[in-house]
Each structure stands twice: as structure tokens, then as C-alpha cells.
Amino acid sequence: MGGMPPIAASATLPETMRRTAAPAWLVMLLVCAGQFLVVLDVSVVNVALPAMRTGLGLSELGLQWIVNAYVITFAGFMLLGGRAADIFGRKRIFVLGLALFTVASLGGALAQQPWQLIAARTVQGVGAAVLSPATLTILTTSFPTGPARTHAIATWTAVGAGGGAVGGLVGGVLTEYLSWRWVLLINVPVGALVLAGAALWLTESRQGAARRLDVPGAVLVTGGLALVAYGIVQTETDGWRSASALLPLAAGLVVIAAFLAVEARAKAPLMPLGLFRLRSVHSANGAMVLAGAAMFSMWYFLSLYVQNVLGYRPLEAGLSFIPHSLSIVLGSKIAPRLMNRLGAKTLAIAGAVISASGMAWQGTMDVDGTYLGTILGPGILMALGAGLTATPIAAIATSGADPADQGLVSGLINTSRQMGGALGLSVLSTVAASRIEAGHGPKALADGYGLAFQVGSMILLGSILLMVIALPRRRADATPG
């Protein structure tokens with residue numbers, strides 16, 4: 001299940017780029033189906049993780065990388081995917097990304113060794129990063145500015161939130177009645193059907209001015225993030241002072257520094273550093289990194305807790321998350337209306353407070369937990385808060401940027417959320433493992449998962465503090481500095 005819904009920001013584009021030969025509803029169906037697959041795959045594997053571990057003999061480290069390999073490459077290549085769609089054509093990149101995603105899904109379903117599954121998840125992440133930005137841009141170039149475009153983007157956002165939300169249920173049904181391989185294999189026929197529809201009915205469009213593709217930037221930021229995440233998880237077994245942890249951490253920081261140096265000198269940078277002079281951009285992205293670090297990981301640990309400690313079958317685990325799913329969809333749907341009444345900053349803080357309270361409550365879980373007493377209440381709070389937080393932070397991030405940079409800033413806030421999620425999972429998994437190793441059996445597991453939620457709530461409190469201090473309250477406040 002996805003921690004937070006995807007974020008949309010419309011772009012102002014020439015009227016000649018908004019035409020499509022296919023009916024509007026068909027364009028929306030195709031691009032929303034592609035986005036649904038991408039977001040679903042962030043979360044659908046969570047319920048299947050115990051079965052994957054048994055089937056392939058995965059270690060705890062390997063189990064983390066089934067999730068992180070997808071999230072890191074998805075985050076690291078997302079901005080590159082958006083730029084590629086502008087240069088080479090939105091339809092072409094949509095088809096390419098979906099084809100890559102579909103083939104990688106088949107490879108993961110057929111994996112016989114842990115490394116094969118992790119490699120497939122990595123390629124899936126690249127395909128998702130290429131596909132996802134194209135879905136939104138196709139919508140904004142196919143619908144005219146006004147109510148039609150607003151409705152299209154709202155539908156795209158809701159479908160994305162729904163994809164993340166129902167992942168647990170879909171994963172539970174497939175794992176229970178078929179096998180864990182079907183959480184990946186199901187993407188193949190759906191992906192093939194959407195590919196055929198896209199090839200037949202989508203109309204090509206691209207940006208008028210030619211721009212360079214910053215491949216070195218994408219490779220550096222993804223590699224740096226992966227090295228940092230790897231160093232963090234190595235502390236789980238070797239400790240913070242070990243060379244196996246410190247060397248990749250140091251190397252990751254060096255690579256990230258190299259990425260910043262490349263971006264500062266690139267003619268067409270993947271991440272224009274000048275944007276971060278805007279208060280709205282740097283404060284919103286900082287808050288999103290911290291919020292993503294806390295919120296993304298909650299579904300991972302809940303899935304492990306209900307199966308490894310409470311003994312739920314995969315289907316039972318998926319069904320138990322239905323209220324969570326409804327809550328995050330509800331939060332994302334009512335956020336725009338509440339934002340108009342309360343203001344973006346107030347709503348973002350309120351949503352994060354709700355989610356943090358749910359995480360602190362979830363942190364009290366123990367080996368004798370029950371669904372009504374341990375899972376339902378805190379889960380609804382965490383999910384509802386996540387749904388309420390994402391949209392206002394995105395609105396603030398884009399409020400001070402030029403119209404030409406709206407799509408880039410929207411992609412940047414999505415990247416911050418995914419990168420925060422990847423690093424947060426690494427940190428919180430290490431925290432949980434340190435407590436689990438100190439004990440034995442289900443009690444130790446419950447204590448470890450509970451500690452992860454407690455630390456996650458503190459990370460979210462850090463995000464709230466940053467929002468209170470740094471987020472601009474009105475558009476007029478979104479000025480540099």
C-alpha cells in the first residue's frame with residue numbers, strides 16, 4: 001500500500017498540443033491505467049513479502065531491497081523520464097516506459113534467485129519513472145485549461161491514490177489463491193492491453209524547443225541514493241562503525257556531491273538548483289522528504305506485523321487494510337476543498353499531526369495485539385493524515401515557480417517523496433532490526449516493528465516543525481530566500 005498519493009500540477013501548454021484523435025474518456029482511461037499500475041506496484045508486494053522470503057530464501061536485507069530497488073530507481077529517474085517525454089514525445093515515452101515495466105514484471109515473476117527478483121524490480125522502477133511523468137503530461141496536453149483539465153487531473157490523482165491504497169488487498173488475494181509471483185505477473189496482461197490501446201489511440205506531442213537529456217545527473221542521483229541506502233542497511237548487521245557501512249555511506253555522499261556539481265554546470269540540468277532559492281520550493285521539498293520517510297514505511301511494517309506476529313494469511317492481511325485504503329483516498333479527495341477553507345500550510349500541518357498521532361499509537365503494538373484494538377484506529381489516522389498532507393505541500397511547492405517550471409517542480413516534489421521513502425525504509429528497518437535482534441520470537445518482532453513506528457512518528461514531528469517554521473502561508477510569501 002502506498003504511503004502517500006501521487007501529486008499533480010497542471011502545466012500551461014500551447015493550444016495546438018491539446019488535440020487528440022481519441023475521445024477524451026479513452027485518453028483518460030489509458031493514462032490512468034498506466035499510472036494505476038505504477039503506483040500499485042509500490043505497494044502490492046508488501047503483503048507478498050513473507051511469501052517471497054520463503055519462496056526464494058530472502059534475507060532481511062534482501063527483503064528490504066525488493067521494495068527499495070523499485071522505489072530508488074523510480075525516484076532517481078523520474079525527472080529524467082519527464083524530460084525525455086518532452087524531448088522525444090509523450091506517447092513514445094509512455095509506450096517505452098510501459099513496455100519496460102511490463103517486461104520487467106514478467107522477469108520478476110519468473111525469478112528463481114533473490115538477485116534476479118531484485119534486478120527485475122530495479123528495471124521496473126526505471127520503467128515506472130519513464131512512464132509516470134508521461135501520463136500526467138499527456139493529460140495536460142489533451143484537455144484544455146479550465147474545469148475539463150481540473151477534472152482530468154483530479155481523476156488521475158484519485159486513481160493513483162487508489163492504486164497505492166488497494167495494493168495490499170490485491171497482493172493478499174493473489175498471494176493467497178495463486179502465489180506471490182502473481183503480484184508481478186498480473187501486470188503483464190494489463191500492461192499489454194494498455195500498450196495496444198496507447199499505440200492505436202494516443203496522439204504524439206512534444207515540447208517545441210529542443211533540450212538536452214541530463215543522463216549523468218539521473219545516474220549520479222540514483223547511484224548516490226542507492227549507496228546511502230545500502231550503507232544504512234549494512235549497519236543492521238555490522239554496526240555504524242564498520243567499514244561495510246561507512247564506506248558506502250561516504251561514497252554515496254561523494255556521488256551526491258558530484259551530482260550537485262554536475263547540475264550547477266549543466267546547460268539543461270535535471271534539477272535546476274536555482275529553483276531552490278524559492279522559499280516555497282526548498283521548504284516544501286524538505287518537508288516532503290521527511291514526511292515520505294515516515295509515511296512510506298508504515299505499510300511495510302504493518303504487513304510484516306499482521307502476518308509474522310498476528311498470524312494473518314495474505315488475504316486476511318489485505319482485507320485488514322481496506323479501512324486504511326478508504327481513508328487515504330478520502331483524505332486525498334477532500335484535501336483540495338479543505339485547502340480552500342483552511343489554507344495549504346494549515347492543512348499540511350494538520351494532516352501530518354493526524355498521521356503522527358496514528359504512528360505513535362501504532363508504536364504501542366505488542367505480541368497480543370488485535371485488529372480492533374491495535375490495527376484499525378491508528379491505521380485510519382495514519383492513512384487519513386497521509387492523504388490530507390500531500391496535496392497542500394505540492395500546492396505550496398508550485399505556488400512560487402514560473403508557469404514554465406510547474407511540471408518540473410511537480411516532478412521534484414514527487415521525487416522528494418519517493419527518495420524520502422526509500423531512505424526512511426532503510427533507516428526504520430535498521431532500527432527495527434536492532435530491537436528484534438535483542439530478543440526472540442514474535443515478541444521481539446512486535447517490539448521491533450513498534451519501535452519503527454515510534455521513530456517514524458518522531459521523523460514526522462520533524463517534518464511538522466519544518467512546516468511550521470519554513471512553509472509560506474500565502475502565494476505572495478513564496479518568494480526567494
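This structure is a prediction, so every number in the text was calculated from the model and none was measured.
With hydrogens and angles ignored, the 3.5 Å screen pairs a side-chain donor or acceptor of Tyr371 with a backbone N or O of Ser320. A donor-acceptor pair is defined here as one N or O able to donate and one able to accept, closer than 3.5 Å; no such pair exists between the side chain of Thr54 and the backbone of Ala51. Between the side chain of Thr73 and the backbone N or O of Thr122 there is at least one donor-acceptor pair closer than 3.5 Å. Remark: side-chain polar atoms of Ser132 are not paired, donor with acceptor, to backbone N or O of Ala129 under 3.5 angstrom. No side-chain donor-acceptor contact under 3.5 Å links Gln116 to the backbone of Gly107. A donor-acceptor pair is defined here as one N or O able to donate and one able to accept, closer than 3.5 Å; no such pair exists between the side chain of Ser105 and the backbone of Val188.
Side-chain contact check for Ser303 and Asn46: no donor-acceptor pair (N or O, by modelled atom type) lies under 3.5 Å.
Contact check for Leu384 versus Leu388: side-chain heavy atoms found under the 4.5 Å cut-off. A heavy-atom distance below 4.5 Å is found between the side chains of Val183 and Thr175. Phe453 places none of its side-chain heavy atoms less than 4.5 Å from the side chain of Pro378. At least one side-chain heavy atom of Leu460 sits less than 4.5 Å from a side-chain heavy atom of Ser355. Contact annotation: the side chain of Trp65 approaches that of Ile72 to within less than 4.5 Å [non-hydrogen atoms, C-beta and beyond]. Residues Leu302 and Met382 form a side-chain contact, since some pair of their non-hydrogen atoms from C-beta on lies under 4.5 Å apart. At a threshold of 4.5 Å between non-hydrogen side-chain atoms, the residues Ile256 and Val221 do not count as touching. Using a 4.5 Å heavy-atom cutoff, the side chains of Ile349 and Lys345 are in contact.
Ring geometry, Phe301 versus Tyr449: the interplanar angle falls from 30° to 60°, so the pair is classed tilted. Ring geometry for His324 versus Trp299: interplanar angle over 60°, hence perpendicular rather than tilted (30 to 60°).
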For the pair Leu249 and Val228, evaluate side-chain contact (heavy atoms from CB on, under 4.5 Å) and give the outcome as yes or no after the intermediate values. CA-CA 5 Å; Leu249 279 171; Val228 170; 4.1 Å; yes

CA sep, side-chain torsions, deciding dist, call: Leu184, Leu117, side-chain contact (heavy atoms from CB on, under 4.5 Å): CA-CA 10 Å; Leu184 300 173; Leu117 181 55; 3.6 Å; yes

Run the side-chain contact (heavy atoms from CB on, under 4.5 Å) check on Leu98 and Leu37 step by step: do they pass? CA-CA 9 Å; Leu98 184 55; Leu37 285 177; 4.2 Å; yes

For Gln362 and Ile375, run side-chain contact (heavy atoms from CB on, under 4.5 Å): C-alpha distance rounded to whole Å, both residues' side-chain angles, the deciding distance at 0.1 Å, then the answer. CA-CA 7 Å; Gln362 192 68 76; Ile375 303 298; 4.1 Å; yes

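Of all non-hydrogen atoms in Ala446 and Tyr305, the two that sit nearest each other are CB-CE1, 4.1 Å. Ser357 approaches Ile354 most closely through the heavy-atom pair OG-O, 2.6 Å. Taking every heavy atom of both residues into account, Leu30 and Phe94 meet most closely at O-CZ, 3.8 Å. The two residues Ile393 and Ala287 come nearest to each other via the heavy atoms CD1-CB, 4.5 Å. Closest non-hydrogen pair, Ala352 versus Thr389, comes out as N-OG1, 3.2 Å. Heavy-atom minimum distance, Ala128 versus Val38: CB-CG1, 3.7 Å.
Applying the salt bridge (charged side-chain N to carboxylate O under 4.0 Å, His left out) test to pairs two or more places apart or on separate chains, those with a residue in residues 442-468 are Lys443-Asp447. Within the structure, salt bridge (charged side-chain N to carboxylate O under 4.0 Å, His left out) contacts touching residues 113-138 (residues at least two apart or in different chains) are Asp41-Arg121. A salt bridge (charged side-chain N to carboxylate O under 4.0 Å, His left out) check over residues 169-187, counting only residues at least two apart or in different chains, returns the pairs Glu176-Arg313.
Looking at residues two or more places apart in sequence or on another chain, you find a side chain to side chain donor-acceptor pair (under 3.5 Å) between Arg53 and Glu60. Legend: residues meeting side chain to side chain donor-acceptor pair (under 3.5 Å) with Ser426, ordered by chain and number and at least two apart, are Asn68. Every residue two or more places apart in sequence or in another chain was checked for a side chain to side chain donor-acceptor pair (under 3.5 Å) with Ser463, and none qualifies.
The structure places CG of Leu63 at 6.0 Å from CG of Leu304, a figure rounded to the nearest 0.5 Å. With values rounded to the nearest 0.5 angstrom, Leu106 atom CG is found 10.5 Å from Gln124 atom CD. Here the CG-OH distance, from Leu315 to Tyr177, works out to 4.5 Å after rounding to the nearest 0.5 Å.
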